[in-house]
Peer 1: 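Take this structure, written in structure tokens, and hold onto it; I'll ask about it next.
Throughout, protein chains are lettered first and strands after them, A, B, ... in sequence-line order, and every chain is numbered starting at 1. The model shown is predicted, which means the values in this text are computed figures rather than measured ones.
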Amino acid sequence: YAGEVVTIRALCMAGKLGAALWLRKKMIQRGLIPDVLSHNYIVNALCKSGELEKADWLLRDMMEMGISPNSATYNSFIKGYCLVNDVDKALFIFSTMVNSGIRPNIFTLNILVHALCKRGLLEDAKKLFHEILDDNDNGTPDLVTSTILMDGCIKSGNMGEALSVWNGMFRNNDLVAYNVLIHGFCLSRDTKLAFVYLCEMLKRGFLPDIFTFNTLVSGLCKEGKFDEASYLHGIMSSSGVAPD
RNA sequence: GCACCCUGUUUUGCU
């Protein structure tokens with residue numbers, strides 16, 4: 001049983017969903033009922049690739065076998081519907097989740113904040129963010145929530161707002177948060193400040209990755225600073241990060 | 001009890 005579950009997980013990560021579904025069917029035929037977790041691997045993969053009808057069928061089939069979806073299952077659907085721009089359906093799933101007594105968790109909220117930001121509904125996103133802040137029952141906004149919001153501000157051209165989100169994080173940052181901030185400075189054509197924060201992250205022990213380098217190289221090129229860009233490109237190769 | 005499944009960042013082409 002454990003072997004099959006591991007295989008289902010591997011197949012899903014490789015994008016071989018047909019095979020994963022086939023293996024699941026074989027297990028059921030042999031009387032081995034995969035648990036929620038195994039189903040979540042497949043449901044999540046289907047939702048990520050936009051195959052929501054199939055995911056929905058799988059959910060119903062799973063429930064007919066007496067297995068209840070958990071928050072991860074619902075989160076996959078909410079994100080999936082947001083991805084195909086069906087926010088109404090996402091909100092419907094959200095209320096289904098709440099009505100079946102499953103509390104939205106920080107993942108759920110992050111998915112929703114992200115969806116709002118992506119649609120440019122920054123004010124709604126900020127509102128939701130502050131509602132989470134005020135309502136301890138819904139979990140606490142975390143580093144990821146702040147990063148999503150910061151990225152949303154940057155993408156709608158509001159670097160000042162992004163900086164106040166950054167300051168609200170009180171140095172509770174990670175590599176992704178630094179990458180987002182550096183991207184923001186590059187977009188506002190301020191590579192000087194981008195480098196200030198690159199240095200800061202290095203001092204704090206965060207190692208730049210391919211995202212950091214691509215952001216900076218592209219930012220430098222857009223400002224016409226090709227020498228610095230190729231200098232950075234060299235550092236990138238020699239520090240084990242493969243340029244692409 | 002813990003763990004496993006679900007959330008965030010770059011690379012501008014095409015309509």
Peer 1: B/U9 base stacked by A/F211? Criteria: ring centres under 5.5 Å, plane angle under 30°.
Peer 2: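 Stacking is present between B/U9 and A/F211, given that their ring centres fall under 5.5 Å apart and the planes under 30°.
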Peer 1: Picking from B/U9, B/C5, B/C6, which would you name as closest to the side chain of A/N40?
Peer 2: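 Nucleotide nearest to A/N40's side chain: B/C5.
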Peer 1: Rounded to whole Å, please give me the gap between CG in A/L11 and C1' in B/C5.
Peer 2: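 These atoms are roughly 16 Å apart.
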Peer 1: Once you round it to whole Å, what is the distance between P of B/C5 and CD1 of A/I67?
Peer 2: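 That distance rounds to 18 Å.
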Peer 1: Between B/C6 atom C1' and A/L112 atom CG, what is the distance in whole Å?
Peer 2: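 Interatomic distance, CG of A/L112 to C1' of B/C6: 13 Å.
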Peer 1: Going by the side chain to side chain contact (heavy atoms under 4.5 Å, CB included) test, name the single residue among A/M65, A/E64, A/M63 that passes it with A/I67.
Peer 2: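 So, applying the side chain to side chain contact (heavy atoms under 4.5 Å, CB included) to A/I67 and each of A/M65, A/E64, A/M63, only A/M65 qualifies.
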Peer 1: Using a 4.0 Å heavy-atom cut-off across all strands, classify A/V180 as base, sugar-phosphate, or nothing.
Peer 2: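 Sugar-phosphate only.
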Peer 1: Over all strands shown, is A/D174 touching base, sugar-phosphate only, or nothing at heavy-atom distances under 4.0 angstrom?
Peer 2: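 It contacts base atoms.
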Peer 1: Just N and O in the side chain of A/K118: are any of them under 4.0 Å from OP1 or OP2 of B/U7?
Peer 2: no
Peer 1: Need one value for A/T215: base, sugar-phosphate or nothing, where a base atom within 4.0 Å counts as base even if backbone is also close, heavy atoms only.
Peer 2: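 If one applies the 4.0 Å heavy-atom cut-off, A/T215 turns out to touch the sugar-phosphate alone, with no base involved.
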Peer 1: Going by atom types only, do A/N44 and A/N75 share a side-chain donor-acceptor pair under 3.5 Å?
Peer 2: no
Peer 1: Can you tell me how far apart CD1 (A/I93) and OH (A/Y81) are? Round to the nearest 0.5 Å.
Peer 2: 5.0 Å
Peer 1: Which nucleotide sits closest to the side chain of A/N214: B/C4, B/C6, B/U11?
Peer 2: B/U11
Peer 1: Does A/K79 put a side-chain nitrogen or oxygen below 4.0 Å from OP1 or OP2 of B/C6?
Peer 2: no
Peer 1: Separation of A/H114 atom NE2 from B/C6 atom C1', in whole Å?
Peer 2: 14 Å
Peer 1: Give the rounded distance in Å between these two atoms: CD1 of A/I182 and P of B/U11.
Peer 2: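 That distance rounds to 14 Å.
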Peer 1: Provide, to the nearest angstrom, the distance between the CG atom belonging to A/D142 and the C1' atom belonging to B/G8.
Peer 2: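 Distance check: A/D142 CG to B/G8 C1' gives 9 Å.
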Peer 1: Measure from CD1 on A/I102 to C1' on B/C6 and round the result to the nearest Å.
Peer 2: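 Taking CD1 of A/I102 and C1' of B/C6, I get 12 Å after rounding.
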Peer 1: Going by atom types alone, do A/S38 and A/D35 pair a side-chain donor with an acceptor below 3.5 Å?
Peer 2: yes
Peer 1: Ignoring hydrogens and geometry beyond distance, is a side-chain donor-acceptor pair present between A/N172 and A/D142 at under 3.5 Å?
Peer 2: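 No.
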Peer 1: Rounded to the nearest Å, what distance is computed from the CE atom of residue A/M13 to the P atom of nucleotide B/C4?
Peer 2: 14 Å
Peer 1: Per the atom types in the model, does the base of B/U9 pair as donor or acceptor with the side chain of A/N179 at under 3.5 Å?
Peer 2: yes
Peer 1: Looking at the side chain of A/Y41, which of B/G8, B/C5, B/U11 is the nearest nucleotide?
Peer 2: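 So the side chain of A/Y41 is nearest to B/C5.
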Peer 1: Quick check for you: among B/C5, B/G8, B/C6, whose closest atom lies nearest to any side-chain atom of A/I148?
Peer 2: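 The closest nucleotide is B/G8.
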Peer 1: Identify whether the distance between the nearest side-chain nitrogen and carboxylate oxygen of A/K126 and A/E161 falls below 4.0 Å.
Peer 2: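 Answer for the salt bridge query: yes.
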Peer 1: Would you indicate what A/L37 reaches in the nucleic acid, counting non-hydrogen atoms under 4.0 angstrom: base, sugar-phosphate, or nothing?
Peer 2: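 Here A/L37 touches the bases of the nucleic acid.
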Peer 1: Taking only the side-chain nitrogens and oxygens of A/K48, find out if one of them lies under 4.0 Å from OP1 or OP2 of B/C5.
Peer 2: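 No, because none of the side-chain N or O atoms of A/K48 sits under 4.0 Å from OP1 or OP2 of B/C5.
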